Amino acid sequence: MLSTDSLLADFPILDQTIQGQRLVYLDNAATTQKPMAVLLASRHYYEAINSNIHRGTHRLARAATDAFEKARETVAAHLNAASSKEVIFTSGTTGGINLAADILALSGRIGPGDQVLVSTLEHHSNIVPWQMLCQRTGASLKVIPCQDDGALDQHGFNEMLDGPVKILALTWISNAFGTVNPVVEMTRSAREAGAIVLIDAAQAIAHLPVDVQVLGADFVAFSGHKIYAPTGIGVLWGRSSLLNELPPWQGGGEMIREVTFQHTTYNELPFKYEAGTPNIEGAIALAAAIDYVNGIGIDVIRVHENKLIHSASDALSSIKGLRLYGPEDRSGSLSLTIDGLHHYDIGTLLDNMGVAVRTGHHCCQPLMARFGTTGTVRASFALYNTLRDVESFVAAIEKSIMMLR
Ligand code: PLP
């Protein structure tokens, strides 16, 4: 069982009060807090080895290069990637999905009449890049429907695979409802139908083991800041056999082998997709975050978070007029609305009581439209949350209802 008391000491930001109340941070799906191990890794980089990587002969450059490439190995091991060459450092999930969509658009593999499947549950980051790909290639975007319980319609999905589907872009865990999609099965079906599959693991990365070989997809994207690492760093894992066939993306330093004014040849993976100076400190801190999570154990974290989320949903389900979204076996996030009350007003009152939640559409406007709401109140959990946090959250919801009615 997770001992959150000792873990809390690892997260200095959580030791503060808001308007005299203990901070209860339940906005982890937006971004997680950083443990000392991550803060120290960033600091050590700048204090001891800051230098540009790969081309330097001096010691700092070698130390920074070693730390950066070791970080890539840590990510590759965490994802069970066949090779660290498949790990491309990006600015985040959005950066990774745009990279994948752009190189697929450039590849000439997608054209008029082809279909790209996304689901109703997607974050805008896993919709808009594919819409842009469709505009560029003449393909059309199709949407896997969502049932009333917040799960995807698997029957509808399987029927859609009879069409000329070239790409499936699917979230593993919904950031809005916490729905966990059966990604292994959906990936298998889509690949059998001849589609390239990208899994958006922005939320899954902090809550589930992400094993790319078990998953079987072609691309997996995630952001460091959702797994206790800094913002501005993320990963696009890509199957090397596919990446080797796809064209380069941004041009610049590092992604080249040889440049003349007449012709350029390109570097091998992963450098082919890492033009320019990367976020060196971010990659090193991401590795520290992954080590931190693995030191606790992702399965231990998952059991702990599930206990919290179940306890919250049990307590909230008895409140009159309160609607919970998503299936009961949700992960990470819990979304709700209350009849006659605006989500923003509830969020503001909760903030005054020291409880940080997110309100609004959570970058999922099509999903909100499907459920006939402009937004929800979302509480999202991390390894450092406690049953006491759940009690404070539920009590604050009850109090806001009394104040607003
Ligand atoms: N996809 C999902 C499911 C998300 O939850 C998020 C962020 O909330 C993103 C994509 C975009 O992540 P980022 O803003 O870190 O690129």
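Both ligands and their constituent atoms are indexed starting at 1 by order of listing. Just so we're clear, the structure is a prediction, and the values are computed from it rather than from any experiment.
A donor atom on one side chain and an acceptor atom on the other are found under 3.5 Å apart for N28 and N385. For the residue pair S380 and R358, no side-chain donor N or O sits within less than 3.5 Å of a side-chain acceptor on the partner.
Here F68 and F89 bring their ring centres to under 6.0 angstrom of each other. Centroid-to-centroid, the aromatic rings of H361 and H124 come within less than 6.0 Å. Aromatic ring centres of H362 and F177: separated by at least 6.0 Å. The six-membered or imidazole ring of Y292 lies near that of F11, with a centre-to-centre distance under 6.0 Å.
Annotation for ligand 1: atoms under 4.0 Å from non-hydrogen atoms of T94 are 11 (C), 12 (O), 13 (P), 14 (O), 16 (O). The distance from ligand 1 to the heavy atoms of N175 drops below 4.0 Å at these ligand atoms: 3 (C), 5 (O). Proximity to S223 (heavy-atom distance under 4.0 Å) selects the following atoms of ligand 1: 12 (O), 13 (P), 15 (O), 16 (O). With ligand atoms numbered from 1 in the order given, ligand 1 contributes 10 (C), 11 (C) to contacts under 4.0 Å with heavy atoms of S125. Of all atoms in ligand 1, numbered sequentially from 1 with element shown, those under 4.0 Å from a heavy atom of K226 are 6 (C), 7 (C), 8 (O).
Of the heavy atoms in T171, only side-chain atoms (C-beta onward) come closer than 4.0 Å to ligand 1. Looking at E122 against ligand 1, nothing comes within 4.0 Å, counting heavy atoms.
Closest protein heavy atom to atom 4 (C) of ligand 1: H123 CD2, 3.4 Å.
Evaluated for a side chain to side chain contact (heavy atoms under 4.5 Å, CB included) with T171, the options L152, T179, L121, T93 yield exactly one hit, L121.
Nearest to atom 2 (C) of ligand 1 by heavy atom, out of G232, A202, G332, is A202.
Taking distance alone, with nitrogen or oxygen atoms compared against 3.5 Å, H225 approaches ligand 1 more closely than that limit.
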